[in-house]
Amino acid sequence: EGYTQVTQKPAVAFGTVGPGAANAFSPMQQAFLSNSPIIYLAGGAEQEHDKLYNTIQDSADATQWMGNVSKWAQRVLYPWSVKQFGSRAFRLAMAAPKGPVCLELNCDCLFMKTEAREHYWGGFFAECADWVPNWRQEETPYPVTSAADPAQIEKAAKAIFESKAPFAILGDYASWDQAGPELEEFFNLTKIPFNTRRLGRAAVSEKHPQAHRGFPRFRNEIDLMIPVGLKVGFFDGYAGGWPEAIQIAPSQDYVWTYINTKATCMGDTKVVIKQLNDCIKKNGYTVSAEREAWAAKLQKSNAEGVAAREARAYKYGPDHPRYKDGKFMHMGYMSQVIREVNEELYGSAVRVAIDAYSMSDFVMPYLQFTRPASCITANDQAGVGHGVGQSIGAAIGDLENGSKIPFLALMGDSGVFNAGLDIHVAVMYKLPIVYMVFNNGGWMPGMKFPWYGPQWDALGDQDVYGNEWMGVM
């Protein structure tokens, strides 16, 4: 998952029959929620013992349960159908909405000889019925793209320039569709302030003058919302309180029926944004004085937010009475330090895995990113321990792309206990990963307000190792 998000290419994973496939179920679920294109190859038991549960490492047809957490799950019984199903697996994994697929290659496929094909139904047809190499010629390795309805593009562009106070949110598909250059031109043309979410963070650099971390305090003034490839769900309050919107979506799955929608531009994000840019320039739309004022107001708001977070972090820094003589630090203060070190040493180009439950609620507004796919998370899964493996895959992907910038994995003590042994893989391959562990001695104890208090002052003794709780040390 980490590899495919960083490289924007499909990834392949495999596991043996039985326990291998069973262990892959949870990460496949996470990949399904994050739309990560992974081709998982599962081993399978021989067909003649199906449902008897009497053979070694029996997975009882992994496709039956993998189908619940993948776009497509297919059992491959014959060796001559591997190429057909394999090419289809890659095509489906990369089609919007992207996602994992599962192929079970069972023992029959392993031991059956190709010559047996003439004794099966498939033998009555030419081999081209199974598979044709380079079926899209030189474009075979690339996903099929699509454009939006031109009438919806015209309607959206007109609405954008009629709006006085629009606001955009870049979701995962701003990165998946590699739409950064087109989006940057779009924001330069329209002066629309924008926030970025999850994998969409730094699809356009967060140093861009229109970038705004989170919603402004005066979000009620926004009169047009523009979600771009965004999963508008729990973390967005299901669009509650939003004004009317222009939805820019990669597929029907990302068109949300609980949003009051002015226009829907559905297609590959890169292509759709280019359509909008071309339409804006063709029609000669220009930014109004009101839009310029709105953009300036958001720039001021963002700068004030950065300064306020910095001041609050340093208030609870090492000079605070609580931490001056202690051996632990406040997560809010550490969030600011991470931001400063990332900027000073690497120009905010470090990718970060978010896998520390309490820390995640402090660090997100502090982080600043300049490279697409820099914020690696468990998406809606909210898992524990995923950061260990994700950082390994992401670091390999970065090295493959020629980057030696280190990767930062923000881990909690629970996550390290779950998956810490796999760090040895990073050591074996000498991967440039920093695992930073936040140990608050609790199992997913809570987010910042319930646990630390609205003013961060309620940081209790639970954060000091060795305290007594209910008579137990």
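The figures that follow rest on heavy atoms only: side chains count, while hydrogens, waters and symmetry mates do not. All residue numbers refer to positions in the sequence shown, counting from 1.
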Exercise for review: Show your reasoning for whether salt bridge (Lys or Arg N to Asp or Glu O under 4.0 Å) applies to R75 and D108.
Suggested key: CA-CA 11 Å; R75 202 174 195 193; D108 302 307; over 6 Å; no
Side chains of [X] and [Y]: closer than 4.5 Å at any heavy-atom pair?
| X | Y | result |
| --- | --- | --- |
| D380 | F235 | yes |
| L410 | I338 | yes |
| T269 | W176 | no |
| C375 | R198 | no |
| Q30 | Q390 | yes |
| V204 | Q210 | no |
| F167 | R219 | no |
| T140 | W135 | yes |

Exercise for review: Could you give me the CA-CA distance, side-chain angles and deciding distance for M329 and Y323, then say whether side-chain contact (heavy atoms from CB on, under 4.5 Å) is met?
Suggested key: CA-CA 6 Å; M329 292 178 287; Y323 310 109; 5.8 Å; no
**Study point:** Worked check of side-chain contact (heavy atoms from CB on, under 4.5 Å) between W242 and I259
**Key:** CA-CA 8 Å; W242 279 22; I259 297 177; 3.9 Å; yes
Exercise for review: For the pair D355 (side chain) and H386 (backbone), establish whether a donor and an acceptor sit closer than 3.5 Å, ignoring hydrogens and angles.
Suggested key: yes
Exercise for review: Give a yes or no answer on whether the side chain of E182 reaches the backbone of K270 with a donor-acceptor pair at less than 3.5 Å.
Suggested key: no
Check your understanding: Any Lys/Arg nitrogen of D253 or K98 sitting under 4.0 Å from an Asp/Glu carboxylate oxygen of the other?
Key -> no
Review point. Should we count CD of E138 as having more than 12 external heavy atoms under 6.0 Å?
Key: yes
Review point. Of R213, R339, R371, which is the lone residue that meets salt bridge (Lys or Arg N to Asp or Glu O under 4.0 Å) with E206?
Key: R213
Exercise for review: For the pair Y78 and Y120, name the ring-plane relationship: parallel under 30°, tilted 30 to 60°, perpendicular over 60°.
Suggested key: tilted
